[in-house]
Asker: 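Here you go, one structure.
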Amino acid sequence: MRLTHQLLRRRFFSRSVHEVAPELIGAMLLFNGAGGMIVEVEAYHHTDPAAHSFGGRTARNAVMFGPAGYAYVYRSYGIHWCLNFVCEGEGSASAVLIRAIEPREGIAAMRRRRGVRDERLLCSGPGRLCQALGIAGVHNGLALDAPPFALHARSDEPAVVTGPRIGITKAADIPWRYGLKGSPFVSKPFR
DNA sequence: ATGAAGATGAAT
DNA sequence: TTCATCTTCATC
């Protein structure tokens, strides 16, 4: 893989979550050398009733209230782990949920951790991609610009599509899911 | 102490 | 469509 493109630093994430989310489409996410291109994300602004931080600071969402550029990892449905990138200024408590990546690096390790061969089933979904990359609760609060994380800016501007979010009951109609147009690696098709 | 809901995924 | 699985948070 060519690493000619820029590493995403804290400044990249220190902006509105609605600017950062679409710009993450096409970026490269690596964790301990395994990962791929981000093809689907969801924006969670603190004013959004569906955001974990909406009801105020708790033990679980504390990282969301910290500075931008850190990983917020939480347990979903008692079984899965989900990865977010904290954005905006400290105290804003807004983040982007990483929902799917197109596998590029460390595919053998991903298959081993996931127990499936089909590349479309490796990282297409927030729980799946965490399992494939080996991301878990112990990684909550880690900086995104230092190992084991490595995030690289996209070199071209891809075609981005939007739609309502997945698995949301409150504010389900808010179209803050962003995806790479035509990608077969999104967790659910855009329409 | 208890209970209901939950930013999911896999099987049926 | 059902269900596994369990943390989190509000309520009693």
Side-chain angles (χ1 to χ4, degrees), chain A residues 13 16-22 24-25 27 29 31 35-36 38-66 68 70-88 92-103 110-142 144 160-180 183-191:
Chain A
F13 299 99
S16 164
V17 76
H18 297 307
E19 289 182 47
V20 175
L24 282 170
I25 301 301
L29 163 63
F31 187 81
I38 297 174
V39 297
E40 183 186 350
V41 303
E42 279 176 359
Y44 285 90
H45 192 256
H46 64 91
T47 57
D48 175 356
H52 284 174
S53 55
F54 183 74
R57 184 185 188 126
T58 65
R60 175 177 69 160
N61 65 26
V63 174
M64 287 184 79
F65 287 79
Y70 287 82
Y72 166 48
V73 181
Y74 71 93
R75 183 81 113 161
S76 175
Y77 289 89
I79 311 169
H80 314 286
W81 295 105
C82 293
L83 171 68
N84 294 254
F85 296 164
V86 177
C87 296
E88 308 200 0
S92 170
S94 302
V96 177
L97 170 68
I98 311 303
R99 288 195 55 91
I101 66 177
E102 175 182 325
M110 293 189 201
R111 284 187 171 131
R112 184 164 76 267
R113 283 186 284 250
R114 288 274 300 123
V116 295
R117 275 204 70 75
D118 188 344
E119 287 193 16
R120 294 195 194 194
L121 296 179
L122 288 181
C123 303
S124 297
R128 288 169 173 170
L129 85 84
C130 281
Q131 186 182 28
L133 271 56
I135 295 172
V138 295
H139 305 117
N140 185 38
L142 290 187
L144 297 172
V160 176
V161 290
T162 66
R165 296 172 300 182
I166 303 293
I168 297 288
T169 55
K170 300 171 191 168
D173 55 322
I174 301 179
W176 286 342
R177 180 165 73 121
Y178 299 93
L180 178 63
S183 172
F185 293 95
V186 296
S187 64
K188 282 195 172 68
F190 286 78
R191 42 201 325 242

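Convention: sequence-line order gives letters A, B, ...; per-chain numbering from 1. Owing to the predicted nature of the structure, the values given are computational and were not obtained by experimental measurement.
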Asker: Whole angstrom is fine here: how far is it from CZ in A:R75 over to P in C:dT8?
Answerer: 9 Å

Asker: Could you tell me the Watson-Crick or G-U partner of C:dT7, where both distances fall under 3.5 Å? Say none if there is no partner.
Answerer: B:dA5

Asker: Take the protein atom CG of A:L83 and the nucleotide atom P of B:dT8, then report the distance between them rounded to whole Å.
Answerer: 14 Å

Asker: Using every non-hydrogen atom in the two residues, find where A:F54 and A:T47 come nearest and quote the distance to one decimal.
Answerer: CE1-O, 3.6 Å

Asker: Any chance the side chains of A:S183 and A:E102 put a donor and an acceptor closer than 3.5 Å?
Answerer: no

Asker: If we call it a pair only when both distances are under 3.5 Å in a Watson-Crick or G-U wobble match, what pairs with B:dA10?
Answerer: C:dT2

Asker: Roughly how many Å is it from CZ in A:R60 to P in B:dG6, rounded to a whole number?
Answerer: 11 Å

Asker: For DNA chain B, what residues of residues 123-135 of chain A have any heavy atom nearer than 4.0 Å?
Answerer: A:G125, A:P126, A:G127, A:R128

Asker: Once you round it to whole Å, what is the distance between C1' of B:dG6 and CZ of A:R165?
Answerer: 14 Å

Asker: Contact class for A:T169 (heavy atom, under 4.0 Å): base, sugar-phosphate, or nothing?
Answerer: sugar-phosphate

Asker: Just how far is it from atom CD1 of A:I174 to atom CZ of A:R165, taken to the nearest 0.5 Å?
Answerer: 5.0 Å

Asker: Can you check the A:R57 CZ to C:dT8 C1' distance for me, whole Å?
Answerer: 16 Å

Asker: When the distance from CD1 of A:I79 to C1' of C:dC3 is rounded to whole Å, what number comes out?
Answerer: 9 Å

Asker: Here's a test for you: under side-chain contact (heavy atoms from CB on, under 4.5 Å), which of A:L133, A:V96, A:L97, A:I135 qualifies with A:L83?
Answerer: A:I135

Asker: Select one nucleotide: of B:dG6, B:dT8, C:dT8, the one nearest the side-chain heavy atoms of A:C82.
Answerer: B:dT8

Asker: Ignoring backbone atoms, establish whether A:H52 has a side-chain N or O less than 4.0 Å from OP1 or OP2 of B:dA7.
Answerer: yes

Asker: Is it true that the side chains of A:R113 and A:Q131 contain a donor and an acceptor less than 3.5 Å apart?
Answerer: no

Asker: Drop me the distance from A:W176's CH2 to A:H45's NE2, to the nearest 0.5 angstrom.
Answerer: 7.5 Å

Asker: Enter the distance from A:R60:CZ to A:R75:CZ here, rounded to the nearest 0.5 Å.
Answerer: 12.5 Å

Asker: Grab the CZ-P distance between A:R114 and B:dA10 for me, whole Å please.
Answerer: 5 Å

Asker: Can A:Y77 be said to stack with the base of B:dG9, given centres closer than 5.5 angstrom and planes under 30 degrees apart?
Answerer: no

Asker: Can you check the A:Y74 OH to B:dA5 C1' distance for me, whole Å?
Answerer: 13 Å

